[in-house]
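Below is one structure, written out as C-alpha cells, with a few remarks after it.
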2 protein chains.
Amino acid sequence: MVDSEGHPDGDEIALGSVLAALADPLRRQVVAELARAPGGTERTCASFGFPVSKATLTHHFRVLREAGLIRQVNRGNSRAACLRADDIEARLPGLLDLVAAEGGKK
Amino acid sequence: MVDSEGHPDGDEIALGSVLAALADPLRRQVVAELARAPGGTERTCASFGFPVSKATLTHHFRVLREAGLIRQVNRGNSRAACLRADDIEARLPGLLDLVAAEGGKK
DNA sequence: ACAAAGGTACGATGCAATCCGTACCTAAGG
DNA sequence: CCTTAGGTACGGATTGCATCGTACCTTTGT
C-alpha cells in the first residue's frame, strides 16, 4: 500500500524498484549525499545543483520516492526530501553503505 | 582493463554497471540462483529455463559478464557461467546476500 | 495585490534497452 | 561425415527511460 503522496510502506520496499532507481547516476548521487549527511537531514530538490531542468528533477525524485528510498514532506513553500535510512537498512541491510561509499573517497 | 573475453578486472567492477545489470529481473534471478548454489557452481546459459530466445539469453549473459558479476569459460561444447562471488564481495560487500535472499524464502 | 521561488503535470522527443528471427560457428556423439 | 546442442553475431521492431519546454499551482515576501 502507498499513501496519498506515493510513499510505499517500509515492508513493501522492493529490491527490483530500488535497484532500478539506483541504476541512474543522478539518483544514486542523491541517495549517496543523503546517506553521508547526518541522520534525518532534509534537502530540497534544487539544493543538489544538478544541471537538469526542474521537470527532470521532479521525475527523478518521484522515482526515488516511489521506490521507498526517500520521503518527501511539505515544508510550506517547498518540499523536503529525506532518506528513509531505517526502512532501507531494515529491509536491505548494507545497501546504503555501498551507495554512500561510491565517489566518497576524499 | 578487460580481457579478450570481456571480463573486467575485480578492482574495476563499477557499482553503476552492477546495479544496472541487477535491475533486470531475469539477470537478477541468474545471480540469485548462482549465489544460493554451492560456491563455484557452474551453470550453462540454457539450464535456467527462461522463456526467452537464445539470442536474448546471450544478451543478458553478456551484460552480467561485462558488469563483472559472472565469469564465462569455454567448456568444450558449451560455455559455463559461474558467479564471481569473491570479487563482488570484496568490492561490494553484502550485495550478493541481498540478491540471494530475494524470492528465496522457502 | 503582486512577483518570485520551488514543484508539479502534461506532452513531445531522442536514445537506449529489450526482444526476436535468422544465419552461422564449434564441439560432441553417432 | 552428419546431426544435434549450446552460443554468438547481426539486423530490425518495439518499448521504456531520461530529458525538455511550457503552463500551472502554492507559498513566501514585498
Side-chain angles (χ1 to χ4, degrees), chain A residues 2-7 14-34 41-83, chain B residues 2-8 14-31 33-34 41-83:
Chain A
V2 298
D3 68 11
S4 61
E5 288 183 338
H7 297 99
L15 179 60
S17 307
V18 169
L19 292 179
L22 293 177
D24 185 275
L26 185 147
R27 292 194 292 258
R28 197 162 59 249
Q29 190 175 337
V30 170
V31 173
E33 291 195 22
L34 286 174
T41 297
E42 291 185 355
R43 294 278 298 268
T44 167
C45 293
S47 73
F48 291 87
F50 291 115
V52 295
S53 71
K54 289 197 299 177
T56 301
L57 268 189
T58 297
H59 162 70
H60 284 302
F61 276 82
R62 186 211 308 274
V63 174
L64 288 172
R65 177 189 353 117
E66 293 181 346
L69 284 165
I70 64 171
R71 190 177 301 275
Q72 283 180 295
V73 292
N74 286 324
R75 280 279 177 271
N77 200 4
S78 74
R79 204 139 185 232
C82 64
L83 193 64
Chain B
V2 297
D3 66 12
S4 61
E5 287 183 339
H7 296 100
L15 179 60
S17 307
V18 170
L19 293 179
L22 293 177
D24 185 275
L26 187 147
R27 293 193 292 258
R28 197 162 60 249
Q29 190 175 337
V30 170
V31 173
E33 292 196 22
L34 287 174
T41 296
E42 291 185 353
R43 293 276 299 268
T44 165
C45 291
S47 72
F48 291 88
F50 290 116
V52 295
S53 72
K54 290 196 299 178
T56 302
L57 268 188
T58 297
H59 162 70
H60 284 302
F61 277 81
R62 187 211 314 271
V63 174
L64 288 172
R65 181 192 348 123
E66 293 181 347
L69 284 164
I70 65 172
R71 189 177 302 274
Q72 284 179 293
V73 292
N74 287 324
R75 280 279 177 272
N77 198 6
S78 75
R79 200 131 187 243
C82 64
L83 193 64

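Order of the sequence lines sets the chain letters (A, B, ...), proteins ahead of strands, with each chain counted from 1. All heavy atoms count here, side chains included; hydrogens, waters and symmetry mates do not.
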[X] [atom1] - [N] [atom2] separation (whole Å):
X: B/Gln72; N: D/dT8; atom1: CD; atom2: C1'; result: 11 Å
X: B/Arg75; N: D/dA5; atom1: CZ; atom2: C1'; result: 18 Å
X: B/Arg43; N: D/dG6; atom1: CZ; atom2: C1'; result: 15 Å
X: B/His60; N: D/dG7; atom1: NE2; atom2: P; result: 15 Å
X: A/Arg28; N: D/dA18; atom1: CZ; atom2: P; result: 12 Å
X: B/Arg79; N: C/dA28; atom1: CZ; atom2: P; result: 15 Å
X: A/Phe61; N: C/dG6; atom1: CZ; atom2: P; result: 13 Å
X: B/Glu42; N: D/dG7; atom1: CD; atom2: P; result: 12 Å

Select one nucleotide: of [options], the one nearest the side-chain heavy atoms of [X].
X: B/Cys45; options: D/dG21, C/dC19, D/dG7; value: D/dG7
X: B/Asn77; options: D/dT19, C/dT8, C/dA28; value: C/dA28
X: A/Ser53; options: D/dC20, D/dG7, C/dG21; value: D/dC20
X: A/Ala55; options: D/dG7, C/dC10, C/dT22; value: C/dC10
X: A/Thr56; options: D/dT19, D/dG7, C/dC20; value: D/dT19
X: B/Arg65; options: C/dG7, D/dG7, D/dT8; value: D/dT8

For [X], answer base if it contacts any base atom (sugar-phosphate contacts may also be present), sugar-phosphate if it contacts only those atoms, and nothing otherwise; contact means non-hydrogen atoms under 4.0 Å.
X: A/His59; result: base
X: B/Arg27; result: sugar-phosphate
X: A/Asp24; result: sugar-phosphate

N/O (side chain, B/Arg62) to phosphate O (OP1/OP2, D/dA9) under 4.0 Å: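 Checking B/Arg62 against D/dA9: at least one side-chain N or O falls below 4.0 Å of OP1 or OP2.
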Would you indicate, yes or no, if D/dT8 has its OP1 or OP2 atom less than 4.0 angstrom from a side-chain nitrogen or oxygen of B/Thr58? yes
Which atoms form the tightest heavy-atom contact between B/Leu34 and B/Cys82, and what is the distance? CD1-C, 4.4 Å
State, to 0.1 Å, how close B/Ala20 and B/Arg27 come at their nearest heavy-atom pair, and which atoms those are.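 Between these two residues, the closest heavy atoms are O-NH2, 3.4 Å.
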If you find the nucleotide of DNA chain D closest to A/Gly76 and the one closest to A/Ala20, which residue's nucleotide is nearer the 5' end? A/Ala20
How far apart are the C-alpha atoms of B/Ser53 and B/Thr56, what are their side-chain angles, what is the distance that settles it, and do they pass the side chain to side chain donor-acceptor pair (under 3.5 Å) test? CA-CA 5 Å; B/Ser53 72; B/Thr56 302; 3.1 Å; yes
How many angstroms lie between atom OG of B/Ser17 and atom CG of B/Leu22, to the nearest 0.5 angstrom?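 These two atoms lie 10.5 Å from each other.
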Just how far is it from atom CG of A/Leu64 to atom SG of A/Cys45, taken to the nearest 0.5 Å?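 The CG atom of A/Leu64 sits 9.5 Å away from the SG atom of A/Cys45.
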When you match B/Val52 and A/Lys54 each to their closest nucleotide on DNA chain C, which lands nearer the 5' end? A/Lys54
Between B/Arg62 and B/Gly6, is there a donor-acceptor pair closer than 3.5 Å when you use the side chain of the first and the backbone of the second?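 The answer is no, because no donor-acceptor pair under 3.5 Å joins these two groups.
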